Structures are given as C-alpha cells and as structure tokens.
Amino acid sequence: MAAAVSAASVWRQSLAQAALLLLRRPGVRGLARSGRISFYMTNYGEEGTHVGSAAALDSTDLVFGQYREAGVLMYRDYPLELFMAQCYGNMSDPGKGRQMPVHYGCKERHFVTISSPLATQIPQAVGAAYAAKRANANRIVICYFGEGAASEGDAHAGFNFAATLECPIIFFCRNNGYAISTPTYEQYRGDGIAARGPGYGIMSIRVDGNDVFAVYNATKEARRRAVAENQPFLIEAMTYRIGHHSTSDDSSAYRSVDEVNYWDKQDHPISRLRHYLVSHGWWDEDQEKTWRKQSRKMVMEAFAQAERKLKPNPNLLFSDVYQEMPAQLRKQQESLAQHLQTYGEHYPLDHFDK
Amino acid sequence: MELSSLLTRRRVGMAAAASTAGRLLRLGAVRAEGHCRRLRRAGLERGFLQPTSAGKDAAQKRHVAHFTFQPDRESQEHGQTQKMNLFQAVTSALDNSLAKDPTAVIFGEDVAFGGVFRCTVGLRDKYGKDRVFNTPLCEQGIVGFGIGIAVTGATAIAEIQFADYIFPAFDQIVNEAAKYRYRSGDLFNCGSLTIRSPWGCVGHGGLYHSQCPEAFFAHCPGIKVVIPRSPFQAKGLLLSCIEDKNPCIFFEPKILYRAAVEQVPVEPYTIPLSQAEVIQEGSDITLVAWGTQVHVIREVALMAREKLGVSCEIIDLRTIIPWDVDTVCKSVIKTGRLLISHEAPLTGGFASEISSTVQMLHTRRNPIHFFWEDCYLKLFSHLYHGYG
C-alpha cells in the first residue's frame with residue numbers, strides 16, 4: 001500500500017512539475033510582444049488536457065496536433081532549447097526555421113509537425129492509425145483539435161473514415177470556448193462535439209478538461225479499447241482558453257475580464273492539481289517556490305541561448321521541397337547566390353549561418 | 001491556313017460539327033499573317049483536313065473522337081509482353097506494386113469491386129480487403145487519409161474517381177502533401193503517396209467528366225504531376241510515381257482506357273519522371289503535347305508533312321511538374337519554332353508556362369522577334385530567329 005502511494009506521488013509530482021513548467025512559459029509570449037520573436041500562442045488554462053492525455057499514452061503513440069498542445073510534447077521531454085529554437089527560427093531548429101513559431105515537430109517523440117491549416121490533421125491521423133493497425137504495432141494515434149476546427153469538412157471526413165475503416169484512433173477535442181473571437185454559440189448549435197460521435201458510430205465521452213485525472217482516465221480507457229477493438233473514440237474535454245488566441249489577438253475586444261478571471265482563479269487545471277497534491281501532503285509552499293524559481297531560470301536561460309544563435313543558411317530555402325532538388329530549383333538557388341554576391345550588403349547576412 | 005488550324009478540329013471538342021470546324025478555319029484564314037499567307041494562297045480547301053492515309057501503323061479508329069491512338073513499337077527490353085489496354089496496364093502496375101511492397105494499399109470510391117474504369121479488377125481478391133478497399137464518398141478524406149498512411153512510411157495509392165472531383169482535396173494536396181517535407185525540415189514526409197485519377201475529355205463527358213486540371217497543380221512546388229499517352233507509358237510512369245519519394249498525381253486519359261492497346265511488359269519496369277520524350281524527330285517546328293493530345297499532334301505532323309512539306313519534331317512532355325525544360329529548349333533551338341497543344345483551357349494553361357520559359361531562355365541567348373496569334377486561336381507562339 002505504501003509503495004503504491006509513493007509511486008503515485010512520484011507520478012503526481014512529475015505531473016505537477018510538467019504542469020508548472022508550462023505555467024512558467026508566459027515569458028515566451030512576452031518575447032513576441034517585445035518583438036523578439038514574431039508570433040506566439042499560449043496554452044493557458046488547457047494544461048490539464050495536454051498532460052492528462054499525454055500521460056495516458058504510450059511514448060510511441062503517434063500524435064497529430066493542431067497548435068495548442070505544446071504540453072503533450074513537453075510531457076515527452078522535448079527540450080526547452082528546441083521549443084525556443086523553433087520559435088526563434090534559429091539554426092538549431094530541427095524544422096530548419098521554415099515555419100511560424102509554435103509549429104513544433106519531433107520524429108523521435110512521435111509528434112507530427114504542426115501545420116497552420118485547421119483540421120487537416122484529422123483525416124491524416126486516421127490514415128496513420130489505419131497503417132498502424134495493418135502493421136500490428138499495438139500503437140494508436142491521437143488527434144487533437146479545437147471545437148472550432150471540428151466545424152471543418154476535414155473533421156467530418158476524418159470521423160467517418162475512422163469509423164468505416166475501423167481505425168485505432170483517439171479523437172481529442174479541446175473545447176475551450178472560443179475559436180479566436182467566435183464563441184461556441186456561434187460555432188455550433190448542437191450538443192458540442194461529443195454528441196456528433198454517435199452519429200458516425202463512434203463511442204464518445206465528454207470530460208472535465210480541467211480535471212487532469214478525468215482526462216487521464218478517459219484517455220487511458222480509450223487507448224486500451226482502441227488497441228483491443230480497432231475502433232475510434234472521441235473525447236471532448238471541456239476547458240477554457242484563458243489566454244488570447246495568439247499574440248496577434250486582444251481578447252478583451254470580445255469577452256469580459258470577469259469571465260477570464262473566473263477560469264483563471266476558480267477553475268484552473270494547475271491550481272486544482274496543486275490543491276489536490278497539497279491536501280495529500282505531496283507538495284507544499286516551499287517546493288512550489290523553489291520549483292517556480294527553478295523553472296523561471298531554466299526558461300530565461302533557454303531564451304538567451306536561442307536568441308544568440310544564428311538563423312539557418314539561406315540555401316535551406318530550396319532544399320526539401322522535393323526529396324531531391326529539381327533543376328529549376330537549383331537554378332533559382334544559384335540565382336539567389338549570384339544576387340547576394342552583388343547585393344549582399346543590403347541583407348542582414350551576418351544573422352544567418354554561412 | 002496555319003498549322004494551328006489543323007488543331008482546332010480536335011480542340012473545339014468531340015461534339016463539334018464539321019460546319020463549326022469549317023467556320024473556324026475561315027476565321028483563322030482571315031487573321032493569318034506573315035508566311036502563313038503563302039500557304040493559304042496555295043488554294044487549300046476544306047477537304048484538306050481529311051487525312052489522306054491512315055498509314056499502315058494506325059491502330060483503332062474511333063468514329064466519334066477525332067484522333068487515332070498510335071501505339072509505339074513494342075519494347076524488347078523488359079521481358080515478355082502482353083496485349084493490354086490502358087486500364088489493364090494500370091491494373092498490371094498496381095498488381096506489381098502490391099506484390100512487391102507489403103505495405104502498399106489501394107483505396108478510393110468503388111475500387112473494391114474493380115473500379116468504375118476497371119483499373120482495380122481482381123486486386124481485392126488477390127491481396128485482401130485490408131489492402132484494396134472502398135472509402136466513403138469524400139475526396140478530401142481520401143487524400144488526407146492517404147497522406148496519413150504515407151506519413152507512417154507505408155505506400156498509399158489513392159484513387160479520385162474523376163479529375164473533375166479532385167478539388168475538395170486541393171487543400172490537402174497543396175497545403176499539406178506538397179509541403180509536408182519542407183515545413184517539417186525533412187522530419188516527416190508523405191513521399192509514398194500516389195494519387196491516380198481519370199483525366200481528359202471522353203466525348204460525352206460534359207463539364208464534369210472531362211477536365212484536365214494539371215495547370216492548377218503545376219503552380220504547386222512539392223508534388224509531381226504525370227500524364228501518360230499510352231498503356232506502355234502508363235505502366236512505367238505509374239510505377240515510377242509509386243516508387244518516387246515525393247507525393248505524385250497520376251492523371252490517366254480516360255478516353256484511352258479502352259481505345260489504346262499495346263504490347264506491355266508483364267514484369268515491373270519504370271520510366272523516368274521529369275523526362276520528356278522526343279517521339280519523332282523533325283527540323284522545322286517543335287510540337288509539344290501530353291496525354292491524348294499527343295496522338296492528335298502525331299496526325300497533325302503527318303498532315304503537315306504531306307500537305308505543307310513541314311518537318312515536325314514531336315515531344316511528349318510526360319511530367320508536367322517538374323518539367324523537362326532542357327529537352328524542350330534543345331528542340332526549339334534546333335527548329336526555331338514551338339507549338340504547344342493541350343485540352344485544358346487556354347488562359348493559364350500549362351502552355352503558358354512552357355512558352356514563357358522558352359521565350360525567356362531564347363531572349364537571353366539571341367534577340368528574337370515573336371508575336372502572338374490572334375486570341376481566338378492562341379494555342380501557341382511562334383519564335384523566329386529573326387535577327388540571327
């Protein structure tokens with residue numbers, strides 16, 4: 001009994017650490033607002049959905065995200081340095097600096113690179129799940145999306161294909177109340193996303209997305225059954241987007257400060273977990289203070305490091321369009337090289353890797 | 001009458017009446033200028049357009065369509081061959097692929113029973129229902145699903161029932177498939193995806209069973225677009241597309257599914273992508289086409305030789321993107337004239353890309369004099385080595 005409790009407490013502490021680490025990332029938003037990175041999207045208020053679901057998966061389960069699932073990647077120990085590298089688009093970015101910030105991807109951690117178009121990942125995740133089924137790999141695929149993206153045709157396509165083709169996939173909808181400025185009342189008129197599942201023949205559940213254990217339990221059970229039965233499951237996690245949509249958004253234009261404060265103060269997933277841990281004697285104020293200080297330091301160091309690095313070599317504009325570089329692109333690459341030879345002084349070439 | 005007029009009969013469409021074609025010829029004659037007037041004054045009549053001889057090699061003649069499929073000489077290099085039409089050549093390629101690659105799957109609307117054009121007949125029985133299967137009626141789903149399979153490294157062969165219906169999948173193709181490798185820094189890709197789709201006019205297809213959308217995709221770096229002219233070409237090019245490590249779209253000229261019959265190797269073989277083929281050498285003008293139109297151009301070249309004493313060099317482009325600029329330019333440098341002909345609409349059609357590239361390269365090499373034919377018959381550009 002004692003062993004079970006201590007194992008559980010270790011597990012819960014690491015959950016807490018992961019969650020708190022996410023809380024420390026407001027600094028990154030500040031970077032965007034101060035012009036040091038171009039753009040950023042926070043995850044405030046949705047940490048429970050990330051950590052709860054990620055903890056319930058196998059580390060090799062393939063993840064298709066939308067853009068507000070950084071906590072899933074963080075749970076899989078993606079280093080701060082690489083999060084920062086992608087946001088800064090520097091030469092350490094495994095994505096080679098090609099995309100806007102928060103478009104993370106990691107092959108080793110089975111997290112498919114994020115793309116901006118919404119819901120496109122949904123039918124793709126279904127295809128990947130079908131291939132996993134054929135490979136008998138005991139792997140599932142999890143596909144995250146918001147309640148707004150669920151309005152896209154690709155969502156309908158994905159649900160229908162998953163059901164008819166019997167794919168081991170978890171559809172995880174983060175219903176956070178808003179798609180930029182559009183509240184759920186203007187997004188759908190039915191009973192949310194979970195109610196759509198049965199229409200496709202998909203078993204569905206709605207959970208309190210701010211209860212990390214509820215999210216964990218639902219995802220765990222969905223995973224077990226998806227592997228055993230080769231069928232899709234739909235989890236709709238009710239949560240709230242405390243932050244703005246992105247650094248390009250000021251949500252005070254369309255919602256009240258009181259509304260936001262309620263969720264921030266009364267129903268925050270990290271606060272709820274902390275209260276739970278404290279009440280069991282597995283966490284206290286001192287550990288909280290120490291951990292916050294430590295996290296802040298880690299994050300600020302990662303910022304400073306990332307900022308100092310050069311941007312990727314301009315030649316990387318042309319590679320990977322195809323696996324091999326076709327003649328026309330090679331000509332364009334040579335053309336740019338010639339242009340820079342003559343006019344290089346007009347470009348900030350010193351900021352770029354040679 | 002200019003060379004372009006010879007094309008209008010086919011260009012106007014399968015249902016064009018002879019009188020319509022005649023009207024076009026007269027209009028064309030009125031607007032011709034330059035050296036073309038000499039040909040007109042030769043007193044060529046409307047009956048000119050009837051081919052004097054089909055030639056000993058001409059195969060099947062279709063009385064509804066205005067072209068004759070011309071098979072190539074049988075290839076000896078790939079082992080035993082079998083008489084196949086174009087859809088059978090496709091089936092053979094798919095059969096070879098599924099036999100060789102255990103991850104390969106074929107899916108789309110109605111592929112399970114054999115497909116509306118019979119391209120997948122027998123494959124589900126042979127390889128199993130988990131490898132050859134129907135999907136719901138949803139093109140964006142078909143392509144998205146195919147991308148997902150390919151992301152895991154398995155081979156995905158998706159069918160879109162008609163190229164006219166590929167547009168719901170345009171976002172998945174252009175924003176996702178084409179950009180998967182680039183945007184991820186080569187961490188992920190969907191190179192093992194091939195999309196096959198029936199393409200081109202068939203006589204009775206109307207607006208929605210006849211389209212040639214290659215130009216929309218030509219503007220999209222990251223994918224390859226391939227169009228065969230014959231069963232032998234179809235099998236080799238399709239196998240290349242399936243093996244290629246980039247997402248490919250393979251358009252199959254539907255009118256050739258039954259009409260084109262050739263000896264095709266039974267074993268797998270590949271024809272390189274991004275390589276145009278000079279299928280007939282000539283000295284006076286370069287004619288470029290792809291798919292069904294290659295056979296129209298062949299007839300045109302024959303007529304031009306017989307009636308006008310013009311020697312045509314014919315190029316089948318085969319891959320639309322990335323296209324073989326060198327072969328086309330080399331030919332135009334030799335002949336000095338270029339004519340491109342395609343079924344797709346004129347404005348923004350792929351001929352624009354070819355002609356502007358060729359003209360740009362020529363401008364750099366020599367000062368040139370060029371003019372556009374009148375807009376109605378604007379199928380091509382003349383490039384004269386005027387000041388050379």
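In what follows, chains are A, B, ... by sequence order, proteins preceding strands, each numbered from 1. Small disclaimer: the values here were computed from a predicted structure and weren't measured. Values reported hereafter were calculated over all heavy atoms of this structure, with side chains retained and with hydrogens, waters and symmetry mates removed.
Here the straight-line distance linking atom SG of Cys190(B) with atom CD of Gln124(A) works out to 7.5 Å at 0.5 Å rounding. Arg139(A) contributes atom CZ, which lies 8.0 Å from atom OG1 of Thr152(B) (distance to the nearest 0.5 angstrom). Note that the CG atom of Leu187(B) and the CZ atom of Phe111(A) stand 12.0 Å from one another [nearest 0.5 Å]. Note that the CG atom of Asp171(B) and the CD atom of Glu152(A) stand 7.5 Å from one another [nearest 0.5 Å].
Ranked by heavy-atom pairs shorter than 4.5 Å toward chain A, the options Gly141(B), Ser274(B), Gly185(B) are led by Gly185(B). Among the candidates Val105(B), Asp130(B), Ile147(B), Asp324(B), the residue making the largest number of heavy-atom pairs closer than 4.5 Å to chain A is Asp130(B). If you tally non-hydrogen atom pairs under 4.5 Å between each of Pro117(A), Gly127(A), Gly105(A) and chain B, the highest count goes to Gly127(A). Taking Cys106(A), Ser116(A), Ala327(A) one by one and counting their heavy-atom pairs under 4.5 Å with chain B, the maximum is reached by Cys106(A). Contact count against chain B (heavy-atom pairs under 4.5 Å) is highest for Phe161(A) among Phe161(A), Tyr130(A), Phe64(A). Taking chain B as the reference chain and counting heavy-atom pairs below 4.5 Å, the highest number among Thr120(A), Ile114(A), Leu62(A) is found for Thr120(A). Heavy-atom pairs under 4.5 Å with chain B were tallied for Ala132(A), Ala131(A), Ala162(A), Ala129(A); the largest tally goes to Ala131(A). Ranking Gln172(B), Lys179(B), Arg131(B) against chain A, the residue ahead of the rest is Gln172(B), based on heavy-atom pairs under 4.5 Å. When the candidates Gly153(A), Gly158(A), Ala125(A) are compared by the number of heavy-atom contacts under 4.5 Å with chain B, Gly153(A) comes out ahead.
Looking at Ile223(B), the atoms closer than 4.5 Å to chain A (heavy atoms on both sides) all sit in the backbone: N, CA, C or O. Only the backbone of Ser319(A) comes within less than 4.5 Å of a heavy atom in chain B; its side chain stays farther off. Contact annotation for Gln140(B): both backbone and side-chain heavy atoms come within less than 4.5 Å of a heavy atom of chain A. For Phe159(A), no part sits under 4.5 Å from any heavy atom of chain B, backbone or side chain. Contact of Pro326(A) with chain B is made through the side chain alone, with heavy-atom distances under 4.5 Å. Residue contact with chain A, scored on non-hydrogen atoms closer than 4.5 Å, involves the backbone of Pro102(B) exclusively. Of the two parts of Thr164(A), only the side chain, counted from C-beta on, holds a non-hydrogen atom closer than 4.5 Å to a non-hydrogen atom of chain B. Interface remark: Ile122(A) contributes no atoms to any contact with chain B (heavy atom separation under 4.5 Å). Interface residue Ala178(B): only backbone heavy atoms are found under 4.5 Å from chain A.
For Phe216(B), the CZ atom sits in a loose shell: 12 or fewer heavy atoms of surrounding residues, nucleotides or ligands are nearer than 6.0 Å. More than 12 heavy-atom neighbours from other residues, nucleotides or ligands sit within 6.0 angstrom of NZ on Lys334(B). The local environment of NE2 in His219(B) is sparse, with at most 12 non-hydrogen atoms from other residues, nucleotides or ligands closer than 6.0 Å. Residue Lys354(A) places its NZ atom among more than 12 non-hydrogen atoms of other residues, nucleotides or ligands, all under 6.0 Å distant.
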**OP:** Dump the intermediate steps for side chain to side chain contact (heavy atoms under 4.5 Å, CB included) on Val112(A) and Tyr180(B), then the final yes or no.
**Re:** CA-CA 10 Å; Val112(A) 179; Tyr180(B) 231 90; 3.5 Å; yes

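When Thr113(A), Val321(A), Asp320(A) are each tested for a side-chain contact (heavy atoms from CB on, under 4.5 Å) with Arg181(B), only one passes: Asp320(A).
Tyr182(B) carries Arg98(A) over the face of its six-membered ring, with the cationic atom under 6.0 Å from the centre and within 45° of the normal.
For the residue pair Gln323(A) / Asp186(B), no side-chain donor-acceptor distance below 3.5 Å is found, with atom types taken as modelled. Counted by atom type alone, Ser115(A) and Glu176(B) present one or more donor-acceptor pairs between their side chains at under 3.5 Å.
Considering only heavy atoms from C-beta on, Gln328(A) stays 4.5 Å or farther from Thr357(B) through its side chain. Residues Phe145(B) and Leu165(A) have side chains in contact (heavy-atom distance under 4.5 Å, counting atoms from C-beta outward).
A salt bridge links Glu324(A) to Lys224(B): one of the charged nitrogens lies within less than 4.0 Å of a carboxylate oxygen.
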